[in-house]
Q: 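My questions will all concern the structure given below.
Letters A, B, ... mirror the listed sequences (proteins, then strands); counts begin at 1. These numbers come from a predicted model, not from an experiment.
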Amino acid sequence: MSYLDELNSSQREAVEAIHGPTMVIAGAGSGKTRVLTYRIAFMLEQGIDPFNIMSLTFTNKAAKEMSERIGKIVGTTDGKNITMGTFHSVFSRILRYNADRIGYPSNFTIYDTQDSKSLLKDIVKELNLDDKVYKPGLVLGRISSAKNNLISPDAYVANEEIMNEDKQARRPEIARIYKTYATRCFKAGAMDFDDLLYQTNVLLRDFPDVLHYYQQKFKYILVDEYQDTNYAQYLIVKKLAAIYENICVVGDDAQSIYSFRGANIQNILNFRKDYPDFILFKLEQNYRSTKHIVEAANSVIAKNQDQIKKSVWTDNSEGSKLAVVRTLTDNEEGKVITNKIFDLKQGTASSYNDFAILYRTNKQSRSFEEALRKINIPYKIYGGLSFYQRKEIKDLLAYFRLTTNQRDEEALKRVINYPRRGIGKTSIENIIIASNQYGVSMWDVIANFNQYPVALNTGTKTKLYEFVTMIQSFTAQLSKINAYDLAQTIAKSSGILKELYSEKEKGPEEVERYQNIEELLGGIKEFTINQGEDDDKSLAEFMIDVALLTDADADKGDEKNHVTLMTIHSSKGLEFPHVYLVGLEENLFPSQMALNSRSELEEERRLFYVAVTRAKDTCTLSYATSRFIWGNLVSSEPSRFIEEIDPKHLNFEAQQRGMGKSLSGRASQFDQPFTGGLNKSVSSPASSFKSLSQLDNSKVKTGATLDLKVGYNVLHDRFGKGKVTKLEGQDADKKATIFFPHHGSKTVLLRFANLTIVDVD
DNA sequence: CCAGTACTTAGGTTG
DNA sequence: TAAGTACTGG
């Protein structure tokens with residue numbers, strides 16, 4: 001029972017109330033994760049079977065942290081038997097078990113956002129709609145919010161309010177796109193991220209026996225970050241908890257920062273309605289931050305109208321006031337903050353891990369990155385392109401996806417001609433047309449030409465046949481060899497490894513790509529054998545979760561000594577001794593787009609609250625009086641959020657001067673107009689000369705008539721001397737693959753390449 | 001097929 | 001400005 005002694009009285013009450021509906025409103029830094037983990041430990045101690053517990057989180061990061069902490073307290077065996085993870089991962093597994101009920105294969109693919117957008121782009125084209133009006137991201141957003149509110153394509157058309165919204169936005173065809181999109185996903189045996197929640201709802205709605213089974217299994221349900229759940233998630237939880245009502249939700253309305261993508265604060269109010277006899281616990285003591293920080297944050301959030309009343313307080317020391325720093329430009333902001341970090345680190349013997357720079361938008365990272373690099377401070381930027389989104393990784397994964405699910409159209413489109421095997425755009429379009437015509441998947445078409453005739457020439461059919469046979473040979477090995485061996489086989493036989501290897505000479509980016517592939521294969525190797533089970537894991541098993549993984553899963557235990565740079569959104573749930581909250585300017589934070597309505601402005605304010613409460617010891621606020629926005633220097637006003645802080649918690653620092661020599665980069669370009677505009681008059685005549693000289697270009701190429709043979713040495717205009725290694729195509733399409741010592745292997749069309757034969761060795 | 005250029009567009013982000 | 005895509009000339 002020793003761990004219970006580590007809790008304060010309200011924490012302890014929240015831990016011990018394991019029966020019936022409970023809601024825990026947990027202020028920032030109030031020990032929320034501790035309560036959740038101890039609560040589970042307490043349940044097990046009371047004899048509750050871990051198989052009957054389900055604990056849901058909103059992010060991978062939170063899920064991982066929770067599972068580690070629980071493992072430590074209750075031991076790994078019990079820990080493993082608890083159903084724990086994000087909504088998406090937990091319900092994707094349940095969907096796989098029951099896929100046949102709703103007409104999906106159990107090995108359905110999960111489309112990520114890129115896949116969804118690429119499919120939507122195709123559909124917009126096929127329906128002959130304007131791709132400027134129906135931009136993939138925007139359309140996906142509409143579809144996503146429909147699914148999050150459990151609105152099917154048919155219900156969408158029938159819903160007047162929604163249809164009117166679309167009409168007024170001059171996008172009346174979204175309903176049609178949605179319907180086509182849903183059909184295509186289904187045909188491909190694929191679910192997008194929103195489907196994982198939407199289809200779970202369908203499953204639980206249409207199959208009472210399935211619902212009953214999971215109601216009995218999950219007698220105890222915990223939901224973290226409840227303020228960030230959307231309607232689809234809310235309803236799943238409500239249904240599963242309907243019999244036993246042992247449900248505990250934990251959240252903080254003041255930290256709700258995802259309403260822009262469907263999170264619904266209403267869920268907290270619904271909870272009161274759904275379980276009138278629920279017990280409410282409030283965790284109000286902050287253990288993280290100094291008094292100045294807690295009270296500064298409180299004074300700002302008090303300006304919000306929509307909130308559950310609570311008073312967060314702390315027993316910690318008073319600490320120092322929040323510093324407010326003003327700089328002239330965004331570049332100077334980078335330098336000043338960086339120097340402050342350097343000085344504080346020297347003065348306090350702390351580690352660079354103790355520092356975080358938080359910003360509203362990802363693109364603000366640039367000036368800090370440059371400044372940190374200049375004075376050699378190690379840093380790590382979170383966010384941006386994740387490992388699993390990189391092109392080379394997605395390419396190889398597409399082969400894996402196709403191996404486990406041939407109907408996966410996005411995977412097929414990605415690799416059908418990568419590495420190049422002479423299957424062109426027109427051929428692919430014809431295959432898509434045929435697949436729509438026959439109502440089958442693209443794979444069905446290319447694997448059964450007899451059954452589904454397509455407009456393709458024999459040569460292309462032969463190439464497709466080879467491709468199909470290759471994939472089938474991979475599939476045949478799924479149950480025979482382990483994940484790592486099959487992954488290796490695919491990487492080699494598909495030609496991807498070779499392709500990347502041959503590009504390695506080109507430059508550091510190509511080398512990195514090759515290394516990324518090696519890293520992925522290494523990760524699969526670890527997955528295959530590391531599990532300690534009797535049997536090796538298969539590639540199909542590896543693919544189950546891969547679409548749901550993020551960078552947080554990729555870099556394992558990276559305890560390097562670095563300053564952290566991230567957006568405020570991704571900082572939620574984290575804490576740092578020293579926080580630098582930068583770019584505090586009107587129209588940036590709060591974002592210009594949030595100024596239209598009170599509710600949007602209040603979400604920005606909650607975001608500000610989240611940012612300030614990440615800090616344990618010091619918090620520095622900074623803004624620049626001018627900043628480059630899309631190439632123009634725009635002057636800016638300090639953020640209203642600074643004024644909203646009770647000034648007794650603030651310390652306005654004198655403006656920093658002479659930090660760097662000259663304002664570098666874009667700042668000096670700003671000076672140019674004042675120095676006479678000379679640069680302008682230099683550059684434009686030069687470019688007009690160039691276009692004049694292009695006009696009288698009358699060179700004529702006759703390369704196609706060259707009688708080339710493999711082994712000839714030839715001279716190319718641009719690449720110099722090289723040796724012909726391969727010849728293919730007829731007449732106008734005749735092309736040669738030539739190895740150039742300085743540029744690697746290139747394939748050129750003879751019609752265009754101005755080749756001269758040097759010798760015929 | 002390759003590479004250079006003209007043109008477009010620009011929010012925060014998890015799974 | 002910067003990055004990404006579509007187009008075009010060789």
Q: Just the rounded figure in Å: distance from P of B/dT14 to CD1 of A/I568.
A: 13 Å
Q: Tell me if the side-chain of A/D112 makes a donor-acceptor pair with the base of B/dG15, cut-off 3.5 Å, by modelled atom types.
A: no
Q: Using whole Å, report how far CZ of A/F387 lies from C1' of B/dT14.
A: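 Rounding to the nearest Å, CZ of A/F387 and C1' of B/dT14 are 19 Å apart.
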Q: Rounded off to whole Å, could you give me the NZ-to-C1' distance for the A/K125 and C/dT5 pair?
A: 12 Å
Q: Phosphate oxygens OP1/OP2 of B/dG15: is one of them under 4.0 Å from a side-chain N or O of A/K147?
A: no
Q: Nearest whole Å is fine: how far is B/dG12 C1' from A/M566 CE?
A: 14 Å
Q: Run A/D131 and A/K125 through salt bridge (Lys or Arg N to Asp or Glu O under 4.0 Å) and show every step you take.
A: CA-CA 7 Å; A/D131 60 359; A/K125 209 166 159 190; over 6 Å; no
Q: Atom NZ of A/K425 to atom C1' of B/dC1: distance rounded to whole Å?
A: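 Taking NZ of A/K425 and C1' of B/dC1, I get 13 Å after rounding.
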Q: I'd like to know whether NZ of A/K721 has more than 12 heavy-atom contacts from other residues, nucleotides or ligands below 6.0 angstrom.
A: no
Q: Examine distances only and state if a side-chain atom of A/N417 and a backbone atom of A/G422 form a donor-acceptor pair shorter than 3.5 Å.
A: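 Yes, the answer is positive, given that a donor and an acceptor are paired below the 3.5 Å cut-off.
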Q: Without decimals, in angstroms, what is the distance between A/Q233 CD and B/dG15 C1'?
A: 9 Å
Q: May I ask you to decide if A/F589's main-chain N or O and A/S639's side chain share a donor-acceptor pair within less than 3.5 Å?
A: yes
Q: So, using side chain to side chain contact (heavy atoms under 4.5 Å, CB included) as the criterion, who are the partners of A/E603 when residues are at least two apart?
A: A/S259, A/F260, A/R606
Q: Quickly work out the A/E225 CD to B/dT13 P distance and round it to whole Å.
A: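 About 16 Å, once rounded to whole Å.
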Q: Closer than 4.0 angstrom, basic N to acidic O: yes or no for A/E225 and A/K32?
A: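 Looking at A/E225 and A/K32, the cut-off is met.
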Q: Which pairs, protein N/O on one side and nucleotides 9-11 of chain B N/O on the other, fall under 3.5 Å?
A:
from   : atom 1 : to     : atom 2 : distance (Å)
B/dA10 : N3     : A/W630 : NE1    : 3.2
B/dG11 : N2     : A/R360 : NH2    : 3.3
B/dG11 : N2     : A/S591 : OG     : 3.2

Q: So, does A/N405 use its side chain to make a donor-acceptor pair with the main chain of A/A188 at under 3.5 Å?
A: yes
Q: By nearest atom, which of the nucleotides B/dT13, B/dC2, B/dT14 is closest to the A/F58 side chain?
A: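 Of B/dT13, B/dC2, B/dT14, B/dT14 is nearest to the side chain of A/F58.
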Q: With no hydrogens and no angle check, do the side chains of A/Y181 and A/S116 hold a donor and an acceptor under 3.5 Å apart?
A: yes
Q: Could you tell me the separation between the CG atom of A/L119 and the OH atom of A/Y111, rounded to the nearest 0.5 Å?
A: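 Separation between the atoms: 6.0 Å.
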Q: When you measure from every atom of DNA chain B, which of residues 85-97 of chain A have a heavy atom less than 4.0 Å away?
A: A/T86, A/H88
Q: Can you tell me how far C1' of C/dT1 sits from CG of A/D330, to the nearest Å?
A: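 Rounding to the nearest Å, CG of A/D330 and C1' of C/dT1 are 11 Å apart.
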